[in-house]
Colleague: 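Structure incoming, see below.
The basis for the numbers below is simple: all heavy atoms, side chains too, and nothing from hydrogens, waters or symmetry mates. In what follows, every chain begins at residue 1, and chains take the letters A, B, ... in the order their sequences are listed.
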There are 2 protein chains.
Amino acid sequence: MKTLRPTSFDVAERAGVSQSTVSRALRGSPGVNAETRARVSAAAREMGYVVDRHASSLRLKSSETIALVTVCRPGEDRSAINPFYFALLGSIAAATSARGFNLLVSFQESSDNFRADFVASGLADAMIVIGTTSNRAAWEYFAQAQRSGLDFVCWGSPGDPFHWMRSDNGTGGALAADHFVASGRRRIAFIGPQRSPQRQFDERREGFTDALAKHGMAPIIVEPPAATDRHAQGVAAVAELLAAHPDTDAIFAASDMLALGVLQGLKDAGRRVPEDVALIGFDGIRAGTLADPALTSVEPDLDAAGEALVAMALEDDAFTRSGTRIPVYLATRGTA
Amino acid sequence: MKTLRPTSFDVAERAGVSQSTVSRALRGSPGVNAETRARVSAAAREMGYVVDRHASSLRLKSSETIALVTVCRPGEDRSAINPFYFALLGSIAAATSARGFNLLVSFQESSDNFRADFVASGLADAMIVIGTTSNRAAWEYFAQAQRSGLDFVCWGSPGDPFHWMRSDNGTGGALAADHFVASGRRRIAFIGPQRSPQRQFDERREGFTDALAKHGMAPIIVEPPAATDRHAQGVAAVAELLAAHPDTDAIFAASDMLALGVLQGLKDAGRRVPEDVALIGFDGIRAGTLADPALTSVEPDLDAAGEALVAMALEDDAFTRSGTRIPVYLATRGTA
DNA sequence: CTGAAAGCGCTTACAG
DNA sequence: CTGAAAGCGCTTACAG
């Protein structure tokens, strides 16, 4: 697959200049004669010359590359990864590419493939970590790496030892609450993990609860039972909820995957959505728009998230690197 | 974010050996005294030394990196990318990582960000291209790059000018046909693009049609009308189909996104699935398992696909690099 | 088994 | 404005 690539010396010979002039001309350095520059560019083009990034990065001590680690559940196959993280990966890729940077990606799930040496090896200038919070071993690994001096930025980390960025979860919860109240719902429930290391779920619940409190209401809180994944948890949780509170008329689920399970469970129980029970999720994943009825969801601005994560990762000032909030909005579709 | 990293000279000093010995010891070169090797490793560990990949790759003329380009629809936002490609990206990442290689990803949609210089710049050893066939400009760009001598491998390319790999589409179509016949369906339709540059759809239709022919049957063929995306096409196509052939009792859709639209259209028309109409899709995307009822689908073995794409991309023998087929199987869920 | 040295292909301070 | 030269941090053929 390899062919001997031309070097800047080859281009220099063809253009009749020195190698250093080739480098200057191609980098756009000031103080290169326009005619010379044109001649060099032409020679480079004719020869299919491309600057060697390893040589260049070695010299420059910068690779213009971001490393993105996505933490997975052990044993989970790739198509089962929460689509929210794929969408976030896509928006990070867009932000990276807009800066002319490259994106190195790595899916990690167990000590077999834990790796955090992207910056140390010079491969990347900064690292971003996203993915499931449920993989304790992975986050412990990154916490350890951070204690050893590694710096990185992450989305929705467990606890707060990292530089993190999250959705504006409190506002999102309030948006859901206000929408339910405004549409006349009165027997309102929240389904979501209470003891998750991920603060995001707590924030969503608190924003929701506080907003309801302003209307003199309080939600029924349901902890989803253990199950293989969020969708299965949603199915099981709604069965429990309806058994205890059959007159529930609105449910806010802490994530879309959970909400999709809740929707399934509601249909299984013969409830009409949204006539009998209104439902709002969180994340804005694509699968929600394909559900029947389409899922109403609190959605973060993913483009903003990708851009902010990249900017934060590249930022030198550690002080500005924590606690950033990404704006959210309510995308009203069929379920509420 | 950067701190001065130690070099092999620093490690050498600490271990009391020469720099070349450090390099040999850490690379696992033969003929290094075990005691020396241990001392060097210890020094490296204590200093947090990691080999500089740019220096190493420059010297070795190999980066142990695969570049993966995902072609997108212009203007499409990242969360709207067909999840099949994200899943394929994930399995390519797994295959890459299993070899100790890195994965560089790039989403490309228009001449603003077309790029094919990953191998030429030394950044990657090989390139893989996946993504939508509908972006003509992108594929024309890569076809042009190939004419200029660039070598790469792709999934489901338009036409056959590339080294490609695909699902075993013909067998997949036959699997769907046999399943319909075995379950007593008689008024059978195929919904899928007829004039797509992507041969995959033709292969699925042909495999389906040929298998039905063995039972003396022929499918109704429906070309989906133009629409914003595959899902919308599916909704519109099924409306057309039912208008012309109200007694249709089985539909094979050329892809899962299309099938999900068909499912929606079927429900809108008041048909029960699978009682009135059975439905089979193709791809095995996650959203299909979340549909109600869950979508029966012909699924390629994605792990095999990722592994084969990476192996093919790294393979030097161009002769073995085309026409590989990935095995498929029928995942029977709720819709058929 | 280990060290001194060349060289991978660039960028840029230093001369001219 | 342009060239000769040093040096980024490695790997490995060459001596010893």
Colleague: Identify whether NZ of Lys or CZ of Arg in A:R136 sits under 6.0 Å from the centre of the six-membered ring of A:W139 and within 45° of that ring's axis.
Modeller: no
Colleague: OP1 or OP2 of C:dC10 sitting under 4.0 Å from any side-chain N/O of A:S56?
Modeller: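 No.
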Colleague: Looking at B:S23, does any N or O in its side chain come under 4.0 Å of the phosphate oxygens OP1/OP2 on D:dT11?
Modeller: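 So the side-chain polar atoms of B:S23 do come within 4.0 Å of the phosphate oxygens OP1 or OP2 of D:dT11, strictly under.
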Colleague: Atom CG of B:L60 to atom P of C:dG7: distance rounded to whole Å?
Modeller: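 It is 17 Å, rounded to the nearest whole Å.
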Colleague: Taking only side-chain N and O atoms of A:S8, does any of them lie within less than 4.0 angstrom of OP1 or OP2 on C:dC10?
Modeller: yes
Colleague: Can you tell me if the side-chain N/O atoms of A:R27 get under 4.0 Å from OP1 or OP2 in C:dT12?
Modeller: yes
Colleague: Counting C-beta onward and ignoring hydrogens, is there a side-chain heavy-atom pair between A:V71 and A:F114 closer than 4.5 Å?
Modeller: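 Heavy-atom side-chain distance check fails, nothing below 4.5 Å.
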Colleague: Mind calculating the distance between CD (A:E64) and C1' (C:dT11) to the nearest angstrom?
Modeller: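 A:E64 atom CD is separated from C:dT11 atom C1' by 14 Å.
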Colleague: Which residue lies toward the 5' end of DNA chain C, B:R39 or A:T7, if each is placed at its nearest nucleotide?
Modeller: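 It is B:R39, whose closest nucleotide lies nearer the 5' terminus.
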Colleague: Which value, in whole Å, describes the distance between the C1' atoms of nucleotides D:dG16 and D:dT12?
Modeller: 16 Å
Colleague: Side-chain donor or acceptor of A:R24 under 3.5 Å from a matching atom on the base of D:dG3?
Modeller: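 Result: at least one qualifying N/O pair found.
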Colleague: Searching all strands shown, indicate the nucleotide that pairs with C:dT2 (Watson-Crick or G-U wobble; both distances under 3.5 Å).
Modeller: D:dA15
Colleague: Charged N to carboxylate O below 4.0 Å: is that the case for B:E109 and B:R73?
Modeller: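 A salt bridge is absent here (no side-chain N lies under 4.0 Å from a carboxylate O).
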Colleague: Do the side chains of B:N135 and B:P74 get nearer than 4.5 Å, heavy atoms only?
Modeller: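 They are in contact (side-chain heavy atoms under 4.5 Å apart), so the answer is yes.
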Colleague: In whole angstrom, what separates B:H54's NE2 from C:dC10's P?
Modeller: 14 Å
Colleague: What nucleotide, of D:dT2, D:dT11, C:dC10, holds the atom closest to the side chain of A:T36?
Modeller: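 From the listed options, D:dT2 comes nearest.
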Colleague: Rounded to the nearest angstrom, tell me the gap between atom CG in A:L26 and atom P in C:dC10.
Modeller: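 After rounding, the gap between these two atoms is 9 Å.
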Colleague: For atom P, what is the distance between D:dA15 and D:dT11, given to the nearest Å?
Modeller: 22 Å
Colleague: Hey, does the side chain of A:T21 come within less than 4.0 Å of D:dT2's phosphate (OP1/OP2), counting only N and O?
Modeller: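 Checking A:T21 against D:dT2: no side-chain N or O falls below 4.0 Å of OP1 or OP2.
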Colleague: Give a yes or no on whether the backbone of B:M165 and the side-chain of B:R325 come within a donor-acceptor separation of less than 3.5 Å.
Modeller: no
Colleague: Any idea which of D:dT2, C:dG9, D:dC10 is nearest the A:A55 side chain?
Modeller: C:dG9
Colleague: Take atom CG of B:L58 and atom C1' of D:dC8, then tell me their distance rounded to the nearest Å.
Modeller: 9 Å
Colleague: Any idea which of C:dG3, D:dT11, D:dG3 is nearest the B:V51 side chain?
Modeller: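 Of all the options, the side chain of B:V51 is nearest to D:dT11.
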Colleague: Side chain of B:S20 only, please: which of D:dG3, C:dA4, C:dT11 is the nearest?
Modeller: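 Selected nucleotide: C:dA4.
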Colleague: Starting at CZ of A:R59 and ending at C1' of C:dG7, how long is that distance when rounded to a whole Å?
Modeller: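 For the pair A:R59 CZ and C:dG7 C1', the rounded distance is 16 Å.
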Colleague: Rounded to the nearest angstrom, tell me the gap between atom NZ in B:K61 and atom C1' in D:dT12.
Modeller: 15 Å
Colleague: Take atom CZ of A:F9 and atom P of C:dC10, then tell me their distance rounded to the nearest Å.
Modeller: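 Going from A:F9 (CZ) to C:dC10 (P), I get 8 Å.
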Colleague: What I'd like to find out is whether the side chain of A:F152 reaches to under 4.5 Å of the side chain of A:I128, using heavy atoms alone.
Modeller: no
